[in-house]
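First up is the structure itself, then whatever we jot down about it.
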Amino acid sequence: MTSRNLIEKYFKFFKNKGHVIIPSASLIPENDPSALFISAGMHPLVPFLLGEAHPAGKRLVNNQLCLRTGDIDEVGDILHHTFFEMLGNWSLGDYWKKESITWSYEFLTKELDLDPNKLWITCFEGDSDAPKDTESSEIWESVGISREKVLFLPKKDNWWGPAGETGPCGPDSEIFFETSLKACGSKCKPGCHCGRFFEIWNNVFMQYNRTKDGKFKLMKNKNVDTGMGVDRTTAVLSGLNDDYLVPDLWGGVISVIEKITGVDYGSNKKAHRIIADHIRAAVFVSAEGVLPSNKERGYVLRRLIRRAVRYGKILGIKETFLETIADSVIAVYKNYYPHLQTESEEIKTIIADEEVKFNSTLDRGLREIDSLDRLDGKTAFFLYESYGFPLELTEEIAKEKGQVVEQQVFEKEFKKHQELSRTASAGMFKGGLVDASEKVTKLHTATHLLQAALRKILGEQVAQKGSNITTERLRFDFSFDRKLSEKELKQVENVINKQITENLSVKAETKDLTEAIRDGALHFFAERYGDKVKVYSIGSFSQEICGGPHVIRTGEIGHVRILKQEKVGAVVMRIYATIQ
Ligand code: ATP
Ligand code: MG
């Protein structure tokens with residue numbers, strides 16, 4: 001079975017169970033400054049899991065593009081990728097464990113025809129916060145999983161959330177497929193990392209609310225959130241013990257690497273996997289308009305590309321090669337993600353330029369490393385500054401030599417050099433969750449006011465090209481071909497603040513997409529919306545398709561001040577603004 005057959009079957013199955021297919025959100029979180037990338041299907045749905053009504057209803061299904069920077073070091077094994085597609089089905093306060101588990105079993109064994117005897121399940125074992133999840137284990141047994149194949153594990157394995165200190169959370173139940181590999185020892189069971197057990201699907205049951213005083217209270221409105229990896233499940237369905245052997249996903253890419261390097265996959269699987277994975281991720285990330293840099297998303301993209309370059313060296317590559325690999329990735333996905341095709345020249349240029357940049361210093365850096373007795377925090381910084389070695393790459397090389405780089409020393413050197421841009425904060429790299437903090441909510445509504453004000457002052461050619469909100473400021477990119485005059489900037493600011501003084505009400509309404517567009521609601525990613533959308537109106541001043549969250553009345557925002565403007569493209573301008 002191909003990966004696309006799997007996706008098709010999944011959609012059909014859950015559609016028949018009353019689910020509405022919603023499109024994948026962008027890989028870049030739209031209103032969550034706490035995360036660099038979307039890391040799971042539930043991530044863009046957090047506001048709805050927290051109780052907001054979803055325009056498509058209570059039963060949702062989709063295939064979400066995900067990127068897990070936290071898994072970068074796992075890549076090289078048989079089943080971890082940085083970028084991957086995750087199938088998911090959700091119940092927003094609707095069905096519960098019985099339906100969720102029964103359907104999971106039915107889908108795996110009836111639709112996909114997997115051998116039920118090869119399935120293993122893990123459930124939450126219970127602790128002082130919440131009891132053992134026998135509700136789930138009993139359902140698993142009732143559908144046909146034998147008792148010895150249902151294992152109980154602690155919180156670190158079988159529990160999700162809350163996203164922050166407080167909020168919805170609960171036990172989960174993971175589904176493993178037992179491959180034909182031999183046990184690695186007497187303790188080899190699901191959860192073991194030897195590769196014998198493939199974790200393919202996770203069903204999360206959000207039934208508790210963790211309160212401020214650390215208690216876990218049962219919730220009235222319970223949600224089900226599930227996630228199934230497309231690569232892993234297709235591998236299992238094809239009887240393969242290695243994701244990278246799935247022909248329709250990786251076949252073309254791996255064979256191109258073999259051809260270019262003259263090294264068989266079997267001779268150095270790790271290097272082949274790292275190159276294939278990292279360039280697949282780099283293709284999807286650069287398709288979102290991210291450029292390699294020393295900051296945030298750009299830094300992640302840089303790390304991915306530079307690590308691939310180094311592994312190319314390990315396979316003996318002398319020339320540049322990443323453009324060809326990127327081409328093979330685009331060839332795999334272009335029919336499902338047409339934007340890869342339209343952007344293919346840009347994507348390849350971004351990746352190839354970064355490769356050339358790093359190639360020019362990599363050899364010298366590696367020679368420098370060979371001449372050093374020890375790699376430490378100071379030399380790691382030197383390598384970073386002189387040869388563009390990402391810290392993590394030096395750490396990896398150090399590890400291969402049995403050495404450790406002290407991160408704090410690196411960070412100290414880094415700070416000394418006043419380059420505070422690298423975002424190493426664990427939260428950002430792991431991928432946090434929606435920060436619906438008050439300030440962000442206000443800035444989000446202010447962004448809607450800004451777009452409407454720009455259109456009023458400059459004309460209707462102004463359209464959103466991008467938006468980014470932190471707790472400090474908003475950043476808004478829009479189509480326009482020149483800098484604004486001081487007078488225009490002041491006018492825009494005044495128009496925004498006038499709407500705030502009028503304390504307009506902000507209302508959300510669910511509409512059909514076509515109706516919303518006909519009514520003049522502004523929209524950013526038409527192809528990414530579902531059939532039903534949420535439209536936010538601010539008085540009669542602004543109307544936009546958006547997921548929220550927003551303030552209830554504009555008066556809550558305070559005073560908006562434009563900080564600066566930049567010309568970021570031939571016809572793209574950027575404005576930074578804050579609230580006082
Ligand atoms: P693992 O323990 O194997 O890293 P996980 O517990 O982190 O998996 P979840 O967060 O539950 O996984 O994600 C849901 C599903 O997404 C998993 O069951 C798996 O099929 C898939 N998945 C998770 N991480 C990856 C990854 N790095 N690469 C490919 N698929 C993944
Ligand atoms: Mg994981």
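Every number for a ligand or one of its atoms is a count from 1 in the order of the listing.
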Output the list of atoms in ligand 1 that are nearer than 4.0 Å to some heavy atom of [X], sorted by atom number.
| X | value |
| --- | --- |
| E199 | 1 (P), 2 (O), 3 (O), 5 (P), 6 (O), 8 (O), 11 (O), 12 (O), 17 (C), 18 (O), 19 (C), 20 (O) |
| D71 | 24 (N), 26 (C), 27 (N) |
| G227 | 14 (C), 15 (C), 18 (O) |
| M86 | 13 (O), 14 (C), 16 (O) |
| L79 | 28 (N), 29 (C) |
| W201 | 18 (O) |

Side chain to side chain contact (heavy atoms under 4.5 Å, CB included) partners of T342, counting only residues at least two apart |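 Only H339 meet the side chain to side chain contact (heavy atoms under 4.5 Å, CB included) criterion with T342.
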N or O pair under 3.5 Å between G229 and ligand 1 |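 N/O-N/O distance under 3.5 Å: yes.
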If you measure every N/O of R232 against every N/O of ligand 1, is any gap under 3.5 Å?
->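 Between R232 and ligand 1, an N or O pair is found under 3.5 Å apart.
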Is D172 near ligand 1, meaning one of its heavy atoms is under 4.0 Å from it?
->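 No heavy atom of D172 comes that close to ligand 1.
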[X] contact mode with ligand 1 (heavy-atom cut-off under 4.0 Å):
| X | answer |
| --- | --- |
| T233 | neither |
| I200 | backbone |
| E74 | neither |

List the steps and the verdict of side-chain contact (heavy atoms from CB on, under 4.5 Å) for R303 and L393.
-> CA-CA 8 Å; R303 255 177 89 186; L393 190 61; over 6 Å; no
Among R68, H193, H80, closest by any non-hydrogen atom to atom 24 (N) of ligand 1 =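 It is R68 whose heavy atom sits nearest to atom 24 (N) of ligand 1.
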Measure the acute angle between the ring planes of Y333 and F83, then classify it against the limits of 30° and 60° as parallel, tilted or perpendicular.
->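 Taking F83 first and then Y333, their aromatic rings stand perpendicular (interplane angle over 60°).
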For E141 and I145, run side-chain contact (heavy atoms from CB on, under 4.5 Å): C-alpha distance rounded to whole Å, both residues' side-chain angles, the deciding distance at 0.1 Å, then the answer.
-> CA-CA 5 Å; E141 284 176 41; I145 302 276; 5.7 Å; no
For residues W159 and F216, establish whether the separation of their ring centroids is below 6.0 Å.
->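 Yes, ring centres under 6.0 Å apart.
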Donor-acceptor contact present, side-chain T234 to main-chain V230, <3.5 Å =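 Yes; at least one donor-acceptor contact below 3.5 Å.
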Test salt bridge (Lys or Arg N to Asp or Glu O under 4.0 Å) on R273 and D242 and set out the steps.
-> CA-CA 10 Å; R273 288 170 182 162; D242 174 353; 2.9 Å; yes
Pair D129 + R210: basic N to acidic O under 4.0 Å =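 Salt bridge absent between D129 and R210.
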Listed by chain and number, what are the salt bridge (Lys or Arg N to Asp or Glu O under 4.0 Å) partners of D172, not counting sequence neighbours?
->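 D172 satisfies salt bridge (Lys or Arg N to Asp or Glu O under 4.0 Å) with no other residue.
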